Amino acid sequence: MVALLGILILPGCSQGIVEGIGIKTAAPIAEDDIEMVEAAENETETGQDLDGQIDTGDWIMAKSAVRLPILMYHSISEGNGLRVPIEEFRAQMAWLRENGYYTLSPEEAYLVLTENRMPSEKCVWLTFDDGYTDNYTEAFPILKENDMKATVFMIGKSIDKGHHLTEDQMLVMSRNGISIESHTINHLELNRMTAVQQEAEMVQSKDLFDRILKQDTTVLSYPVGRYNEESLALSEEAGYKMAVTTEPGGASRDQGMHALHRVRISPGLSVGGFASLIENASNH
């Protein structure tokens, strides 16, 4: 029963465990297989202003090219390799706080990577793929307790669907330091799609979150880490300033702002092991 539940709850990025990226183009996906998602009109004041000014007066210049740990989580629960148990997550956030790490917003991460300036000598960018309900019920309270920011990459078609965030939950999170960014509309492997289909997935998703959250959605996470050379160009053309992959390691500008690496956080990791991952991926 537990195994079955795991299949039901985490279909989104189950293939993300596979190492590497898929750059070979397979047979194109039929247009009928792509679901169109419309954004509901919402007049509520919400979200963060991604064009807003960030006070960088106290920021420090990095001594060398920044390598930024972008931590990749999925579900905060138990059951398989994409789930980090809540107590492990709590201990990891405590370690970050106790060791003086600053958690970045997408806007801050962009400045860190492009200008080589940092709000602190120790920075991380916390990210969650797929937008599971437990990101709200389990991770969000812990992040608030520690006064931490994070980013959730949400699948457009999964909003208000079982085991995923609702629109109301996204609105609450976006008002409280949690950025909601794009994981495309249908969570299909982009490297198997035509350029037109890829563009639709990226543009429709950006438009959806722009309208729901009244923001400028600026970051894309490639579904299951699959992309190709077209994806890199199309994500920029769609209006994204950055895109993240599942390639392991610290992120740096020389990877390309649309092919940033991340540090996967898997279950069963000791606090010492977590610390080593962060330190190895940092600007040292």
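All heavy atoms count here, side chains included; hydrogens, waters and symmetry mates do not. Just so you know, these numbers come straight off a predicted model, no measurement behind them.
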Whether F89 and Y73 hold their rings parallel, tilted or perpendicular, with breakpoints at 30° and 60°: perpendicular
side-chain contact (heavy atoms from CB on, under 4.5 Å) against T114, all qualifying residues, sequence neighbours excluded: Y110, R253, M257
Side-chain heavy atoms of I70 within contact of M242, under 4.5 Å: no
Polar side-chain atom of T194 near backbone of Q197 as donor-acceptor pair, under 3.5 Å: yes
F209 CZ to K214 NZ distance, which is reported to the nearest 0.5 Å: 15.0 Å
L113 and L260, any side-chain heavy atoms less than 4.5 Å apart: yes
Qualifying residues under side-chain contact (heavy atoms from CB on, under 4.5 Å), relative to A233, sequence neighbours excluded: E237
F128/H74 under ring pair (Phe, Tyr, Trp, His ring centres under 6.0 Å): CA gap, chis, key distance, verdict: CA-CA 5 Å; F128 297 79; H74 290 79; 9.2 Å; no
Minimum heavy-atom distance H261-T245, with the two atoms named: CA-OG1, 3.8 Å
D160 side chain vs E167 backbone, donor-acceptor pair below 3.5 Å: yes
Closest non-hydrogen atom pair between H258 and L232, with its separation: O-CD2, 3.1 Å
Test applied, side chain to side chain donor-acceptor pair (under 3.5 Å); reference residue, Y102; option that passes from K149, K122, E121: K149
S252 vs D254, side-chain hydrogen bond (donor to acceptor under 3.5 Å, both in side chains): CA-CA, chis, key distance, verdict: CA-CA 5 Å; S252 62; D254 61 11; 2.5 Å; yes
Audit row: L96, V124, side-chain contact (heavy atoms from CB on, under 4.5 Å) steps and yes/no: CA-CA 9 Å; L96 290 175; V124 295; 4.1 Å; yes
Stepwise side-chain hydrogen bond (donor to acceptor under 3.5 Å, both in side chains) check, N228 with S231: CA-CA 5 Å; N228 54 24; S231 311; 3.0 Å; yes
Residue pair S105 / E107, side-chain donor-acceptor N/O under 3.5 Å: yes
Working for side-chain contact (heavy atoms from CB on, under 4.5 Å), residues L269 and L277: CA-CA 10 Å; L269 194 62; L277 281 178; 3.5 Å; yes
Q198 CD to R192 CZ distance, which is reported to the nearest 0.5 Å: 12.0 Å
Separation between NE2 of H183 and CE of M154, rounded to the nearest 0.5 Å: 10.0 Å
Those residues that, when tested against F274, pass ring pair (Phe, Tyr, Trp, His ring centres under 6.0 Å) (two or more places apart): W95
Any donor-acceptor N/O pair, T133 side chain to H164 backbone, under 3.5 Å: yes
Point-to-point distance, once rounded to the nearest 0.5 Å, from CD of Q169 to CD1 of I178: 13.0 Å
Residue pair P119 / L104, side-chain heavy-atom distance below 4.5 Å: yes
Shortest non-hydrogen contact from E108 toward T103: OE1-O, 4.0 Å
Closest non-hydrogen atom pair, G249 against A281: C-CB, 4.4 Å
Any D130 side-chain heavy atom under 4.5 Å of L82 side chain: no
Value rounded to 0.5 Å, distance of CD in Q92 from CG in L71: 8.5 Å
Those residues that, when tested against R97, pass side-chain contact (heavy atoms from CB on, under 4.5 Å) (two or more places apart): A94, N146, M148
Any K206 side-chain heavy atom under 4.5 Å of S182 side chain: no
Set of residues satisfying ring pair (Phe, Tyr, Trp, His ring centres under 6.0 Å) with respect to Y240, sequence neighbours excluded: none
Under 3.5 Å side-chain donor-acceptor pair for D216 and T218: no
Backbone N/O of L220 and side chain of E181: donor-acceptor pair under 3.5 Å: no
From CG (D58) to OG (S120), nearest 0.5 Å: 11.5 Å
Residue pair D134 / Y132, side-chain donor-acceptor N/O under 3.5 Å: no
Distance-minimising heavy-atom pair for A91 and V271: CB-CG2, 4.0 Å
D207 side chain vs V203 backbone, donor-acceptor pair below 3.5 Å: no
Derivation and outcome, side-chain contact (heavy atoms from CB on, under 4.5 Å), residues L234 and L190: CA-CA 11 Å; L234 289 169; L190 296 176; over 6 Å; no
Under 3.5 Å: donor-acceptor pair, side chain of S205, backbone of M202: no
Trace of the side-chain contact (heavy atoms from CB on, under 4.5 Å) decision for I54 with L111: CA-CA 9 Å; I54 297 173; L111 292 179; 3.9 Å; yes
Least distance between heavy atoms, W125 atom then A109 atom: CE3-CB, 3.5 Å
Listed partners of P267 passing side-chain contact (heavy atoms from CB on, under 4.5 Å), at least two apart: P85, E88
